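So the structure is just underneath, and the comments pick up after that.
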Amino acid sequence: MSEKDEKIKSLVDMGFSEDEANMAITRCGDVDLWELVDSISASRITEDSHSRNLSDHQITDRCFDSFGGRKKARLMEESKKKRNRYGGRAQGNQPSLDGSHDEPMPLPNPMVGFNLPGYLQPSVTRILPKQDTGPPFFYYENVAQAPKGVWATISRFLYDIQPEFVDSKHLCATARKRGYIHNLPIENRSPLLPMPPKTIFEAFPHYKKWWPSWDLRTQLNCLRTNVASAKLTERIGRALASSDSPPARSVQKYVMNECRKGNLVWIGKNKVAPLEPEEMEYLLGFPKDHTRGLGITERYKSLGNTFQVDTVAYHLSVLKVMFPNGVNVLSLFTGIGGGEVALHRLGIHMKAVVSVEIRKANKRIFRGWWDQTQTGTLIEIDDVKSLTDDRIVSFVSRFGGFDLVIGGSPCNNLAGCNRYNRDGLEGEQSALFYHYFRILNAVKSAMARM
DNA sequence: CTGATGATGATTAGTGGC
DNA sequence: GCCACTAATCATCATCAG
């Protein structure tokens, strides 16, 4: 299969037609896949606004501002340069030859977003262009520590809105460094109450008993989808048992390294263990036993992939006064329903949720929670690829539009702990981001015609 | 066939000495 | 600036037991 054919196949997989793919390649030449997507989306929306009633000034302005002007100029600029994927390990910090470079997207330190409850930092004020404010509101999430250039690309697609990077360790006892791009107001936010504990001992007081004085951790690292093996925790136990008290520095170093990597806690003398699923549910802001009923492996996988509810709820809290009668939600990559749990805990009624989630285990958990706690309408869809523009128009018509489009697209090909397929935003799963983009634009477009 | 288990580095950013 | 070092990280695969 030629390179061109592969690109066409990828674009078709993303939900574009073969004609559109061919035209984009003709227009742009031999450029990266994401630039082709950009080009197709630009021409789609430009056509859309041409074929529509031109008295709709807001939409017309919006399209030409966002795509007709800036983006085309930028495409010409950037299509000249070759992008340097990680893979050439010999290249290191090689400066770009033509002088151009991706605009840097540094992660803030401390990673506290625009503001956080209880932090007396200067609260950021931001003014979004009118065309980027809702309706609909949207909320997009992914891992903060993605490969270079990924967040710059995501931000570019999502209307050049600056990501809000937040480490959930500032809100709860476990780290979770994530980037959020949204068009929600950022004033007058309010946290879920009660505020979750921020330290390991506050969250799990019984671990004090066996916690050695030389383990200085007060918070846990990011909860992931896998757990340390029993063999590993046994090795740690043996190393400590055959050591002095306190252990030699080299032993301490080995043990602490493994404890940090595996998020291990002290459950006995010289005995460490990974967290239980129930403890993860608690740290992440879910109700007790939210994922109960799945196998242990599935529970860890589902929990490792979800939102930290308090963090997301803090951002979504501004919706409460805006929608006293409830919201219609389009939920992409729903997972176990972190966004919905956040809305529920905020006391925001969900009139209807259209949920797209492909894993059966997640669907079962979410459906179970919904049936027990909600009275609104739930519509389940398996795959973002099958949520076509036509179906979106139909849903928008049926529900009178969506108030919130929320979702975090797959991080598989972005996450640092992936040894095998960390190939960036164009990776097999992470490329589904472009469906988030496509679907969001389809919703905006359909709602503009209401 | 399905689910549980155990083993498997690299890419980033930051720090501190020189 | 350069280099050694510390540190964190929504994962994947082969294999095994049932």
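In what follows, every chain begins at residue 1, and chains take the letters A, B, ... in the order their sequences are listed. Keep in mind it's a predicted model, so treat the numbers as computed, not measured. Values reported hereafter were calculated over all heavy atoms of this structure, with side chains retained and with hydrogens, waters and symmetry mates removed.
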Identify, with sequence neighbours excluded, every residue that meets side chain to side chain contact (heavy atoms under 4.5 Å, CB included) alongside A/Glu258.
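Once residues adjacent in sequence are excluded, the partners of A/Glu258 under the side chain to side chain contact (heavy atoms under 4.5 Å, CB included) criterion are A/Leu232, A/Ile236, A/Tyr254, A/Lys261.
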Would you mind reading off the distance between [X] atom [atom1] and [N] atom [atom2], rounded to a whole angstrom?
X	N	atom1	atom2	answer
A/Asp167	B/dA13	CG	P	16 Å
A/Glu258	B/dT8	CD	P	12 Å
A/Arg419	B/dA7	CZ	C1'	8 Å

How would you label the contact of [X] with the nucleic acid (heavy atoms, under 4.0 Å): base, sugar-phosphate, or nothing?
X	result
A/Ala146	nothing
A/Ser430	nothing
A/Lys177	sugar-phosphate
A/Lys169	nothing
A/Asn257	nothing
A/Arg260	sugar-phosphate

Go through DNA chain C in 5' to 3' direction and return only the first and the last nucleotide with some atom under 4.0 Å of chain A's heavy atoms.
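In short, chain A contacts DNA chain C from C/dT6 to C/dC13.
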[X] and [Y] aromatic centres sub-6.0 Å:
X	Y	result
A/Phe333	A/Tyr436	no
A/Phe165	A/Trp151	yes
A/Tyr140	A/Phe437	no

Only one of A/Arg126, A/Arg189, A/Arg178 passes salt bridge (Lys or Arg N to Asp or Glu O under 4.0 Å) with A/Glu164; say which it is.
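Only one of A/Arg126, A/Arg189, A/Arg178 forms a salt bridge (Lys or Arg N to Asp or Glu O under 4.0 Å) with A/Glu164, namely A/Arg189.
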On a whole-Å scale, what distance lies between the C1' atoms belonging to B/dT8 and C/dT9?
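Per the computed distance, 15 Å lies between those C1' atoms.
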Between A/Asn412 and A/Tyr420, is there a side-chain donor-acceptor contact under 3.5 Å, judged purely by atom types and distance?
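No, no side-chain donor-acceptor contact under 3.5 Å.
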Could you tell me whether the side chains of A/Asn413 and A/Asp423 share a donor-acceptor contact shorter than 3.5 Å?
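Note: A/Asn413 and A/Asp423 side chains meet the donor-acceptor criterion.
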Would you please classify the geometry between the A/Phe402 ring and the A/Phe399 ring as parallel, tilted or perpendicular, with 30° and 60° separating the classes?
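Aromatic pair A/Phe399/A/Phe402 classed tilted.
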Return the orientation label for the A/His315 and A/Tyr139 ring planes: parallel under 30°, perpendicular over 60°, tilted otherwise.
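Tilted.
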Could you tell me whether the side chain of [X] and the main chain of [Y] form a donor-acceptor pair under 3.5 Å?
X	Y	result
A/Ser317	A/Tyr314	yes
A/His435	A/Leu432	no
A/Arg345	A/Val309	no

For a side chain to side chain contact (heavy atoms under 4.5 Å, CB included) check, start with the C-alpha distance between A/Tyr180 and A/Val312, then their side-chain angles and the critical distance, and finish with the verdict.
CA-CA 9 Å; A/Tyr180 306 88; A/Val312 172; 4.1 Å; yes
Residue-level proximity of residues 221-234 of chain A to DNA chain B when a heavy atom falls under 4.0 Å:
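Residues of residues 221-234 of chain A that come under 4.0 Å of DNA chain B are, in numerical order, A/Ser229, A/Ala230, A/Lys231.
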Runs of at least three consecutive pairs that involve DNA chain C, where pairs are Watson-Crick or G-U with distances under 3.5 Å:
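So far as stems of 3 or more pairs are concerned, DNA chain C shows B:1-8 with C:11-18, B:10-18 with C:1-9.
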What pairs of residues pass the side-chain hydrogen bond (donor to acceptor under 3.5 Å, both in side chains) test when at least one of them lies in residues 273-292 of chain A, not counting sequence neighbours?
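Qualifying pairs, neighbours excluded: A/Tyr207-A/Glu279, A/Glu278-A/Lys288, A/Glu281-A/Thr291, A/Glu281-A/Arg299, A/Asp289-A/Arg292, A/Thr291-A/Arg299.
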Please list, pair by pair, any protein nitrogen or oxygen found under 3.5 Å from a nitrogen or oxygen in nucleotides 2-4 of chain B.
unit_1, atom_1, unit_2, atom_2, d
B/dA4, OP1, A/Ile296, N, 3.2
B/dA4, OP2, A/Thr297, N, 3.4
B/dA4, OP2, A/Thr297, OG1, 2.8
B/dA4, O5', A/Thr297, OG1, 3.3

Between A/Arg235 and A/Gln145, which residue's closest nucleotide on DNA chain B lies nearer the 5′ terminus?
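Taking each residue's closest nucleotide, the earlier one in sequence belongs to A/Arg235.
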